[in-house]
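Throughout, a chain's letter reflects where its sequence line sits, starting with A, and its residues are numbered from 1.
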Number of protein chains: 2
Amino acid sequence: MTIEPLLKYISNYVTLTPEEESYLTSKVAYRKYLKGQYVLQQGDICKHHCFVISGCTKMFHLDDHGQEHIVLFSIEDWWTSDMGSFISQTPADYNIQCIDKTELIMFSVDVIEDLYAKIPKLERLFRQIIERAFVASQKRIVRSFSLSSKDRYLYFKNQYPKIEQIIPQYMVASYLGITKEFLSKIKAQLNAEE
Amino acid sequence: MTIEPLLKYISNYVTLTPEEESYLTSKVAYRKYLKGQYVLQQGDICKHHCFVISGCTKMFHLDDHGQEHIVLFSIEDWWTSDMGSFISQTPADYNIQCIDKTELIMFSVDVIEDLYAKIPKLERLFRQIIERAFVASQKRIVRSFSLSSKDRYLYFKNQYPKIEQIIPQYMVASYLGITKEFLSKIKAQLNAEE
DNA sequence: AATAAATATTAACATAGATTAACAATTTTA
DNA sequence: TAAAATTGTTAATCTATGTTAATATTTATT
């Protein structure tokens, strides 16, 4: 069954009864996207919080100069949504686009609220997931101020080796907040070092 | 009563019964700090999640070169803690220091878990608070990549006018990720503009 | 009020990283 | 397999911001 990876993911943190599992399964939506398709566009309302079954998405903001700033990559077992837009149902700041053929499990606002009410364990789990995402986000801010571009690249490489394999290099540059040309230079320099 | 501002803050979001309010009150700790005192030091375990009643704190990371990177200012009605350290009881990445005489309401790990269990409304509220903090943190990452230092300063000034009044300028610079000298230059330039 | 401590400014010079533009390599499509 | 499209590299030049150091201003202490 396609939803299996989500149930397995959840079971790492909390134990659901068979009834709870089938209730959850009955409520969420499964959807396949092709490479290049948008799950969300900046300005639209984010209707779903999504769990990635397979594939890869990027979430990015398009600034006034038409520049893309990648905020988040999501691969299997991770989540994606414009949380700000989702929780207040206001226009999104971010685009979410599939970098590969991607399978998602989608939680609508109503469904997620219903699940919180019916299965409090899930509210607890989602709180903990957000807490960890928040911690990671704050750490990224500190790294962006305290590390050089080279060190941020090395950190990324080390932290997300899987992601580096599957995305083009210019997206890594965007995630790191540098130009693709400068990342090229950094890599050349790293190669020269040994 | 010193805890009143916390109850008032909570009442903006959820309605507690008088029993719940007094249970909450019986569980949390109130503490006064003097200017300069540390609530938490990098490397220690963060024992409390704190609500600011009055005063101001800064949370910052000290990097390998001894440089201070300010992650967060907290004034009245806001929260402070090293969330990563608090939730997993591991050594803190951040220092929390009082910039002024500061009054805090402190939630220990045990207390907060007990409150979540006894008053699920509070778990919901805390989830929502974290969600908003996470959204704000992600937006700050995007600003740090898409805006110039000048524009980040203008954003800060506009967003946190109260904080700018009470802290020295070199801390604003640290929060923005620039040197105090460069912030001076930016301000001189802004003054020259009109 | 006088001194000391903390904070802010200014200017000369240095550098990480951006920009531009041309080209090279790889991947996709015909 | 060839052409087109996408991705990556290199090098010259430019710019935002950092560094250093001297000085000025404000605030706290005696």
Chemist: Are A:R143 and A:Y155 in a cation-pi setup, meaning NZ or CZ lies under 6.0 angstrom from the ring centre and within 45 degrees of the ring axis?
Modeler: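 Positive - A:R143 is close enough to the ring of A:Y155 and near enough to its axis.
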Chemist: I'd like to know if the side chain of B:E68 pairs up with that of B:Y170 as donor and acceptor (distance under 3.5 Å, no hydrogens or angles considered).
Modeler: no
Chemist: Distance check needed: D:dT27 P versus B:D100 CG, whole Å only.
Modeler: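 Taking CG of B:D100 and P of D:dT27, I get 14 Å after rounding.
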Chemist: Starting from C1' on D:dT27, measure out to CD1 on B:I166 and report it in whole angstrom.
Modeler: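 To the nearest whole Å, that distance equals 17 Å.
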Chemist: Starting at the 5' end of DNA chain D, which residue's closest nucleotide do you reach first, A:K187 or B:K35?
Modeler: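 Result of the comparison: A:K187.
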Chemist: Is a side-chain donor-acceptor pair under 3.5 Å present for B:E123 with A:Y116?
Modeler: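 Their side chains do not contain a donor-acceptor pair, so the 3.5 Å distance test is not met.
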Chemist: Will you find, in the side chains of B:S54 and B:E103, an N or O donor that is under 3.5 Å from an N or O acceptor?
Modeler: yes
Chemist: Run the side-chain contact (heavy atoms from CB on, under 4.5 Å) test against B:D44 and tell me which residues pass, sequence neighbours left out.
Modeler: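 B:D44 satisfies side-chain contact (heavy atoms from CB on, under 4.5 Å) with B:L40, B:Q41 once adjacent residues are dropped.
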Chemist: Name the first nucleotide and the last nucleotide along DNA chain C (5' to 3') that come under 4.0 Å of a heavy atom in chain A.
Modeler: C:dG17 to C:dA21
Chemist: Show your reasoning for whether salt bridge (charged side-chain N to carboxylate O under 4.0 Å, His left out) applies to B:R127 and B:E131.
Modeler: CA-CA 6 Å; B:R127 172 178 59 75; B:E131 282 174 351; 2.8 Å; yes
Chemist: Where do N or O atoms of nucleotides 17-23 of chain D meet protein N or O atoms at under 3.5 Å, pair by pair?
Modeler:
residue, atom, partner, partner atom, Å
D:dT17, OP1, B:S149, N, 3.3
D:dT17, OP1, B:S149, OG, 3.1
D:dG18, OP2, B:T179, N, 3.3
D:dG18, OP2, B:T179, OG1, 3.3

Chemist: Below 4.0 angstrom, N of the basic side chain to O of the carboxylate: do A:K162 and A:E76 qualify?
Modeler: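 Yes, this pair counts.
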Chemist: Run the ring-centre check on B:Y160 versus B:F73 and record whether the distance is less than 6.0 Å.
Modeler: no
